[in-house]
Amino acid sequence: MWDWNYAWSILPDLLQGLVKTVQATLGGFLAACVIGLFMALLRRSDNRFISLPSGWVIDFIRFTPLLVQVVFLYKVGPLVLGTYIPSLTAGIIALGLHYGTYLSEVYRSGIDNVPKGQWEAATALNFTPYQKWVNIILPQAIPPIIPVMGNYLITMFKETPMLAAVLLAEMLLKAKSRVASDFAFLEPYTMVGILFLLVSYPSAVLVRRLEKRLNQQRGV
């Protein structure tokens with residue numbers, strides 16, 4: 001039966017796990033935004049020696065499980081780098097790489113939707129490649145894809161329990177520790193589910209409102 005006193009007693013511990021979960025999610029998302037844009041630009045390169053390998057790397061990361069990538073990075077990374085990688089850092093890098101490949105496709109669709117005339121106008125005005133991308137293309141390509149990026153952020157948040165595999169003290173690992181020490185299953189796992197819901201649902205509502213507002217601004 002549900003024990004309210006026990007549930008309240010484990011809440012501070014689970015909230016500490018929530019903080020780690022949010023840190024990993026936000027860090028991974030920021031990394032994914034940068035990596036994704038970089039990958040998208042590489043894949044759009046006119047040089048096939050750049051675009052083809054970039055596509056292979058993107059496909060390889062997309063079609064291998066995130067859990068395998070996290071464990072591989074945590075276990076093999078120190079052997080290659082010669083230094084210990086903290087679990088939070090390993091988690092952020094793994095999330096950034098994994099979701100960066102998905103965001104690269106999102107960026108690519110946004111860039112492809114920029115009207116051809118905008119590219120031609122920037123070329124006619126003798127803009128440098130940097131000016132063309134920063135002043136013309138990206139300001140038009142990114143706003144329409146922001147809702148999709150927001151959905152990936154929520155998905156990433158829900159997948160952070162995988163980082164328990166590298167002993168990151170996120171919510172699920174905290175709950176497992178409580179189960180192992182207190183032999184109580186109902187309260188820890190139920191409260192973890194509630195905490196995920198309390199963050200995910202409002203975030204999803206905000207993304208839907210943002211998407212609606214952007215569509216209104218674009219007249220869609």
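Values below: all heavy atoms of this structure, side chains included; hydrogens, waters and symmetry mates excluded. The first residue in the sequence is number 1, and the count goes up from there.
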Exercise. Apart from Ile50 itself, what residues make up its hydrophobic cluster when side-chain heavy atoms of I, L, V, M, F, W and Y under 4.5 Å apart count as a link, directly or indirectly?
Worked result: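 Reading the cluster by chain and number, Ile50 sits alongside Phe38, Leu42.
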Exercise. Is Tyr189 isolated, or which residues cluster with it under the ILVMFWY side-chain rule of less than 4.5 Å, directly or via members?
Worked result: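 Members other than Tyr189 - counting any ILVMFWY side chain reachable under 4.5 Å - are Leu172, Val179, Phe185.
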Problem set entry | Flag if over 12 foreign heavy atoms under 6.0 Å of CZ, Phe49 |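 At most 12 heavy atoms, drawn from other residues, nucleotides or ligands, come within 6.0 Å of this atom.
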For this session: Evaluate whether atom OH of Tyr84 has more than 12 neighbouring non-hydrogen atoms of other residues, nucleotides or ligands under 6.0 angstrom away.
Result: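 Count over threshold, so yes.
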Side-chain heavy atoms of [X] within contact of [Y], under 4.5 Å:
X      : Y      : result
Ile10  : Pro188 : yes
Ile35  : Met39  : yes
Val19  : Leu15  : no
Pro65  : Met162 : no
Leu95  : Thr25  : no
Val199 : Ile154 : no
Ile136 : Gln140 : yes
Ile93  : Val70  : no

Between atom [atom1] of [X] and atom [atom2] of [Y], what is the distance when rounded to the nearest 0.5 Å?
X      : Y      : atom1 : atom2 : answer
Leu103 : Leu37  : CG    : CG    : 10.0 Å
Lys174 : Thr21  : NZ    : OG1   : 10.0 Å
Ser9   : Arg178 : OG    : CZ    : 5.5 Å
Leu153 : Ile146 : CG    : CD1   : 12.5 Å
Leu198 : Leu18  : CG    : CG    : 9.0 Å
Leu14  : Met171 : CG    : CE    : 8.0 Å

Checking [X] side chain against [Y] main chain: does a donor-acceptor pair fall under 3.5 Å?
X      : Y      : answer
Asp3   : Asn5   : yes
Thr190 : Leu186 : yes
Thr64  : Ile61  : yes

Exercise. Does Arg43 come within less than 4.0 Å of Glu105, counting only side-chain N to carboxylate O?
Worked result: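 Counted as a salt bridge, because a side-chain N and a carboxylate O are separated by less than 4.0 Å.
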Return the minimal non-hydrogen interatomic distance between [X] and [Y], and the atom names on each side.
X      : Y      : value
Leu163 : Ala24  : CD1-CB, 3.7 Å
Ile145 : Ser109 : CG2-OG, 4.4 Å
Met156 : Ala32  : CE-CB, 4.3 Å
Lys132 : Ala122 : CG-CB, 3.7 Å
Pro202 : Leu197 : CD-O, 3.7 Å
Pro144 : Ala141 : CD-O, 3.4 Å

Would a hydrophobic clustering, with Ile, Leu, Val, Met, Phe, Trp and Tyr connected at side-chain separations under 4.5 Å, put [X] with [Y]?
X      : Y      : answer
Val192 : Trp4   : yes
Tyr74  : Val68  : no
Tyr152 : Ile58  : no
Leu66  : Phe29  : yes
Val134 : Ile137 : no

For this session: Quick one: sort the Tyr102 and His98 rings into parallel, tilted or perpendicular, breaks at 30° and 60°.
Result: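 The rings of Tyr102 and His98 sit tilted, inter-plane angle from 30° to 60°.
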Exercise. Which residues pass the ring pair (Phe, Tyr, Trp, His ring centres under 6.0 Å) test with Phe196, sequence neighbours left out?
Worked result: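 With sequence neighbours excluded, Phe196 shows a ring pair (Phe, Tyr, Trp, His ring centres under 6.0 Å) to Phe157, given in chain and number order.
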For this session: Sequence neighbours left out, what passes ring pair (Phe, Tyr, Trp, His ring centres under 6.0 Å) with Trp56? Give chain and number order.
Result: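 Trp56: no ring pair (Phe, Tyr, Trp, His ring centres under 6.0 Å) contacts found.
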Problem set entry | Test item: side-chain donor near acceptor, Ser200 and Lys158, under 3.5 Å |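 Note: Ser200 and Lys158 side chains miss the donor-acceptor criterion.
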Exercise. Under the ring pair (Phe, Tyr, Trp, His ring centres under 6.0 Å) rule, what pairs show up with a residue in residues 104-141, not counting sequence neighbours?
Worked result: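 Those involving residues 104-141 are Trp119-Trp133.
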Problem set entry | Arg62: salt bridge (Lys or Arg N to Asp or Glu O under 4.0 Å) partners, not counting sequence neighbours |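 Residues passing salt bridge (Lys or Arg N to Asp or Glu O under 4.0 Å) with Arg62: none at all.
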